[in-house]
J.: 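Dropping the structure in here first, questions after.
Because only heavy atoms are used, hydrogens play no part in the values below, and waters and symmetry mates are left out as well, while side chains stay in. Numbers here are sequence positions counted from 1. We count ligands from 1, going down the list as the structure has it; atoms in each ligand are counted the same way.
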Amino acid sequence: MLQFPSSPKIGRTLLAAASCVAAFATPLTTHAQAAEGHEAEIQSLIDQMTLDEKLKMIRATSSFTSGGVGRLGIRELVMSDGPHGVRHEHGRDMQADAHAEDRSTYLPVGICLASTWNPELGHDFGNVLGSEARYRRKDVILGPGVNIIRTPLNGRNFEYLSEDPYLSGEMAVGYIQGVQQNDVAACVKHYLANNQETNRGTVDVQMSDRALHEIYLPAFKKAVQEGHAYSLMGAYNRFRGQFATHNEFLINDLLKGELGFDGVVISDWGAAHDPYQSLAYGLDIEMGSELKDGMAYEDFYIVRDAKELIDAGRISEDMIDDKVERILRLMYRIHKLGDQRRLVGEFNSAAHQQTARKVAAEGIVLLKNEGGLLPLDLSGVQSIAVIGANADHKHAEAGGSSQVPALYEITPLQGIREAFDDQVQIDYFPGYAIAKGKKPSRKLRREAVKAARDHDLVIFVGGFVHGYDNSWGGNAFDAEAGDKPDMHLPFGQDELIHEVSAANPHTVLVLYGGGAADMTGWVDQIPALVQAWYPGMEGGHALADILSGQVNPSGKLPVTFPKVLEDSGAHALGEYPGGDSVQYKDDIFVGYRYADTYDVAPQFPFGHGLSYTTFNYAPELHVSTADDAVTVETQITNTGDVAGAEVVQLYVSQENPSIRRPAKELKGFQKVFLQPGESQTVTFTLHQDAFSAYHEDEGWVMEPDTYRLQVGSSSRDLRASAEQELEAF
Ligand code: GLC
């Protein structure tokens, strides 16, 4: 019987103590330690600065730099987007001291990375990004994006990770440490509750403390306390009436107070709106571009009235010193100050491209595979029709600020041709045009349906695109500054898929995109269905690896795919997109937490993903308790005839909670790679936080109760369970 302290107060103290221990239990990275040894130098630099010099450090000096103090040897801080690749040179002409070439490694997008459920791969991903940023002389790379995926319509879901806070946090930690080991600061964004693009610059998000602490804060908390992120980006939206990027509660009280964040808060571009609040409510550097904000950098809010506010006694110079201290600490952590022994970084290396391919191959999700159509068996196949304009479309340079000037981008058609055209005849038919407002072309559709009839096999590559062209935002589908109009596939694809699969039952459907689509019109007639997300520059090769069986798929959905929009918590219970404000009435019931609690069957559940092999879970779970931990053991065996990887997921449920809790919550996962016939025991160690819920009046509380522990292959494919009485309070 697991004994926890007898009173909530002690319990919380323990928990608080535990979290503090956890904060320092994870060894600080060598860089963080490096800064710790320079606090005296930091203070000395500040003591030598004039107020004007301090003020220049806390504002932009170009669209992607903030001020330095040349006479003290402090160079400008250089930033760059984005979360899955180093963006074009922007603002100050960096060609002089950056490498001339502007092309870079275009990694798969965040939701594809999360679909790998492989934190080590997250670290490799971050390492590539940090290495390329370093090579391009950047000090801060503006990623990862960790906002919770609340609605399938959010235009930037592709840049984020998951609907689940635990998975988001676990994937973010490796990414951050991978970036920062290259002497580059990660900038975790967008803090906090930037879960839609509609009215993003003004919408006032209203949510309960419980939703904040259980759903929207945890990934940022883990990024700070375990990832040791050196910077965070303040979001555009308001939170409970104040702009998030200068918000007394979110930043001063929560982030820098309770969570102990000692890094830099950088505003989103143009996200600051008030001189006093910019200085008093936690913002450290105000960014934006003169053209966009119509202001000269010297007039940015954070500096505009600083001297008057100091003279009036409303702001102290110490507040400004604290901002400068944080900026200097970041500079020491990335060795921009101090020994200045900075790594050189690599750019467009074969190793980076291999990582891109590996992340894509592990992130692609096999959703359906009736009759074992995949992996493709081409014996007896003479011809393949590749149908769908997405087969020949490139995505790297669209989507908004996360755009990447990719050195190259392998399209699905290229990947398929390279993999199979020595075995079969491959013909391509666009089937539809990626064009704004045009009626679907009857000619293209007729050609595609005829091709389906005339070829032995069809690979249909459809889905979404960022925008209609490679323009900045596109505001059409998966892009910044706008949300999707609905969950339907664009360009008349629903009808085309229906007709193509009717013409040829041997149709494999591959979807590109940042999340769920409404598949109700055709999903039952498609035997094989693959979710490819936006898989980066090596996406076409990775897709061919999966279709051919070179790689056994192991991706798992990091989001629920609801059948229709109304089956999503934000739309069934909550408000979206709201008006001046948006009420998160869905509260904690986001994604599977809604679907499983309200018993709404999804199209494909959170954590779902098939393999070309099979995995057996031993029927019994071994649960043991000792001190302040519950240990759960399960055995997995690869019972098929090909090697494969399984993501073993652990969900916890409380039987009789005093407050309403989700039907189950993800509290652990492990990806295991097994040869045919190989077995492995997977062990989870759970602490009090895995059983606790956030009570509005008391905070985190673990109640004495019966807890159900379930392990399985998805949130709705649970293979073994056990119940455990836990005497907590
Ligand atoms: C954008 C985005 C942010 C990006 C920044 C700089 O508006 O919201 O993610 O890093 O501005 O481009």
J.: Please classify the Met287 to ligand 1 contact at 4.0 Å (heavy-atom distances, strictly less than): side chain, backbone, both or neither.
T.: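 Neither part.
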J.: May I ask whether Met233 has any heavy atom positioned less than 4.0 angstrom from an atom of ligand 1?
T.: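 Heavy atoms of Met233 do come under 4.0 Å of ligand 1.
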J.: Looking at Gln340, I'd like to know if its CD atom is crowded, meaning that more than 12 non-hydrogen atoms belonging to other residues, nucleotides or ligands lie closer than 6.0 Å.
T.: yes
J.: At under 4.0 Å between heavy atoms, which part of Glu159 makes contact with ligand 1: side chain, backbone, both or neither?
T.: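 It is neither part, as no heavy atom is under 4.0 Å.
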J.: Does any pair with a residue in residues 106-117 pass side chain to side chain donor-acceptor pair (under 3.5 Å), and if so which ones, sequence neighbours excluded?
T.: Ser115-Trp533
J.: Give the atoms of ligand 1, by number and element, whose distance to some non-hydrogen atom of Lys189 is under 4.0 Å.
T.: 3 (C), 4 (C), 9 (O), 10 (O)
J.: Atom NZ of residue position Lys56 - does it have more than 12 heavy atoms of other residues, nucleotides or ligands inside 6.0 Å?
T.: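 No, because the 6.0 Å sphere around NZ of Lys56 holds 12 heavy atoms or fewer from other groups.
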J.: Against ligand 1, does Met79 come closer than 4.0 Å with any heavy atom?
T.: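 Judged by the 4.0 Å heavy-atom criterion, Met79 does not count as contacting ligand 1.
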J.: In terms of atom number and element, which parts of ligand 1 are under 4.0 angstrom from non-hydrogen atoms of Arg87?
T.: 12 (O)
J.: Would you mind listing which atoms of ligand 1 come within a distance below 4.0 Å of any non-hydrogen atom of Trp269?
T.: 5 (C), 6 (C), 11 (O)
J.: Of all the atoms in ligand 1, which lie at a distance below 4.0 Å from a heavy atom belonging to Leu142?
T.: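 So the atoms of ligand 1 that pass are 10 (O).
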J.: Where do Met487 and Leu153 come nearest, in terms of heavy atoms and distance?
T.: N-CD2, 4.0 Å
J.: Counting heavy atoms only, which part of Gln403 comes closer than 4.0 Å to ligand 1: side chain, backbone, both or neither?
T.: neither
J.: Taking the side chain as every heavy atom from C-beta outward, state whether Leu328 and Met57 have any atom pair closer than 4.5 Å.
T.: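 Yes, their side chains come closer than 4.5 Å.
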J.: Under the side chain to side chain donor-acceptor pair (under 3.5 Å) rule, collect the residues that match up with Glu325, sequence neighbours excluded.
T.: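 Arg329.
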J.: Inspect the contact between Asp209 and Arg240 and indicate whether a charged nitrogen and a carboxylate oxygen are less than 4.0 angstrom apart.
T.: yes
